[in-house]
Participant: 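Mind having a look at this structure? Questions to follow.
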Amino acid sequence: MPELPEVETTRRGIAPYVEGQEITEVRVRHTRLRVPVPEDLPERLVGARIGTLRRRAKYLLVPLAGTPGTLLWHLGMSGSLRIAQVGDTPKKHDHIDVVLANGYVLRYHDPRRFGFVDWLQADEQHDSRLAHLGPEPLSEAFTGERLYRLSRGRRMAAKPFLMDNRVVVGVGNIYAAEALFMAGIDPRRAASRIARVRYERLAGAARDVLAAAITQGGTTLRDFVSGQGEPGYFAQHLNVYGRQGQPCRRCGALLKHIMLGQRASVYCAVCQR
DNA sequence: ATTTGACCCTGCATGC
DNA sequence: TGCATGCAGGGTCAAA
């Protein structure tokens, strides 16, 4: 899926086309997403106006202006939201269309259907999906000190620890691998056995790599596209993800590939300790 | 309590 | 060419 930079790229890409627009029609072609599409989606959306889009972790929040209703949209592993024109023929796996008064269509595409769209509980603080999320990685609340404190007594490997949404949100498989490389930390190292100063480096690395990826419009591996259908250009900046067997850009050693928590992990055994 | 593994689903690359 | 296998930007739940 889209990790945080890809969701943020999507939000920025579609916002100019959808914000302030009235919804004139909703077409649901496939209701069986990870969470079934709410049956009342069309009737509640049609006639409503879209407010300012927000993002929390990898969720996109779509408020309906002047009402307490807000859509919670998650792109799963293979989901994308794109701007289409009225009349563009839907392709395979284009599951939902939100037709707007300006002639554009917000179109949801998701081959694997791990994503979903659902109503956010009126109170964001009490929504079970958002309530226990850790801080945004680009916020002041995300610090090396926090990583250090939460890691005490945790035997799990550093990489799955960094990908734990209660620790910090939005860091998925690509950017966890990249941040650990930048910080020189072995992804297998027990979280409890990493010193405070090294966590400060890791927090800084995670912030830097996510910010750089947003600037580049995200990472396109197979199928990620922005709201306007553009790929992201961060893939060419990846140091380790997907580069197993290739030379480390820093020391030249061949990058290793292991599985950690069911996820592929690539790292440099020389630079990461 | 923490941690691991299975699972949701389709598409694609690989190997026989 | 066909078929089987395994893996892919995530998150949730049960079981160990």
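Per chain, numbering begins at 1; letters A, B, ... match sequence-line order.
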Participant: Calculate, to the nearest 0.5 Å, the distance between atoms CE and OG belonging to Met259(A) and Ser265(A) respectively.
Facilitator: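 Atom-to-atom, Met259(A):CE and Ser265(A):OG are 7.5 Å apart.
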
Participant: Check the pair Tyr108(A), Val117(A) against side-chain contact (heavy atoms from CB on, under 4.5 Å), reporting the backbone distance first and the verdict last.
Facilitator: CA-CA 10 Å; Tyr108(A) 182 61; Val117(A) 57; over 6 Å; no

Participant: Verify the distance criterion only: is there a donor paired with an acceptor across the side chains of Thr219(A) and Tyr233(A) at less than 3.5 Å?
Facilitator: no

Participant: Can you tell me how the ring of His74(A) sits relative to the ring of Phe116(A), calling it parallel under 30°, perpendicular over 60° and tilted otherwise?
Facilitator: parallel

Participant: With a 3.5 Å cut-off and no angle check, do the side chains of Asp110(A) and His95(A) form a donor-acceptor pair?
Facilitator: no

Participant: Of all of residues 161-172 of chain A, which get a heavy atom below 4.0 angstrom from DNA chain C, listed by number?
Facilitator: Asn165(A), Gly172(A)

Participant: Within this structure, what is the CZ-to-P distance between Arg263(A) and dG5(B), rounded to whole angstrom?
Facilitator: 14 Å

Participant: Do the side-chain N or O atoms of Lys92(A) get closer than 4.0 angstrom to the phosphate oxygens (OP1, OP2) of dG11(B)?
Facilitator: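 Affirmative; the distance criterion is met.
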
Participant: Without decimals, in angstroms, what is the distance between Asp110(A) CG and dT10(B) C1'?
Facilitator: 10 Å

Participant: Which base, if any, makes a Watson-Crick or G-U wobble pair with dA4(C), both distances under 3.5 Å?
Facilitator: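 Base-paired to dT14(B).
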
Participant: For side-chain contact (heavy atoms from CB on, under 4.5 Å), just list the numbers for Ile214(A) and Leu138(A), CA-CA rounded to whole Å, side-chain angles, deciding distance to a tenth of an Å, and then say yes or no.
Facilitator: CA-CA 11 Å; Ile214(A) 291 172; Leu138(A) 298 177; 3.7 Å; yes

Participant: Tell me: CG of Leu260(A) to P of dT4(B), nearest whole Å?
Facilitator: 9 Å

Participant: Looking at DNA chain B, which of residues 144-160 of chain A put a heavy atom within less than 4.0 Å of it?
Facilitator: Arg154(A), Arg155(A), Met156(A)

Participant: Starting at atom CZ of Phe114(A), determine the distance to atom P of dG10(C), rounded to an integer number of angstrom.
Facilitator: 11 Å

Participant: At less than 4.0 Å, is any side-chain N or O atom of His74(A) found next to OP1 or OP2 of dG10(C)? Yes or no.
Facilitator: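 So the side chain of His74(A) is outside the cut-off, no N or O lying under 4.0 Å from OP1 or OP2 of dG10(C).
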
Participant: For dG10(C), does the base pair up with any side-chain atom of Arg112(A) as donor and acceptor (N or O, under 3.5 Å, distance only)?
Facilitator: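 Under the 3.5 Å cut-off, the side chain and the base do not form any donor-acceptor pair.
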
Participant: Applying a 4.0 Å non-hydrogen cut-off, can you work out what Arg34(A) is touching in the nucleic acid: base, sugar-phosphate, or nothing?
Facilitator: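 Arg34(A): base contact, heavy atoms under 4.0 Å.
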
Participant: If we only count heavy atoms from C-beta on, is the Leu162(A) to Val167(A) side-chain gap below 4.5 Å?
Facilitator: no

Participant: Taking atom C1' of dG6(C) as reference, at what distance in whole Å does atom CE of Met259(A) sit?
Facilitator: 9 Å

Participant: So does His93(A) get a side-chain nitrogen or oxygen closer than 4.0 Å to the phosphate oxygens (OP1/OP2) of dG11(B)?
Facilitator: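 Yes, within the criterion.
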
Participant: Nearest whole angstrom, please: distance from the C1' of dG11(C) to the CZ of Arg56(A).
Facilitator: 15 Å

Participant: Take atom CD of Gln244(A) and atom C1' of dA13(B), then tell me their distance rounded to the nearest Å.
Facilitator: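 The answer, rounded to whole Å, is 13 Å.
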
Participant: Looking at Leu33(A), Thr31(A), Leu106(A), which one forms a side-chain contact (heavy atoms from CB on, under 4.5 Å) with Ile96(A)?
Facilitator: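 Option passing the side-chain contact (heavy atoms from CB on, under 4.5 Å) with Ile96(A): Leu33(A).
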
Participant: Quick one: does NZ or CZ of Arg34(A) land under 6.0 Å from the six-membered ring centre of Phe114(A), within 45 degrees of the ring axis?
Facilitator: no

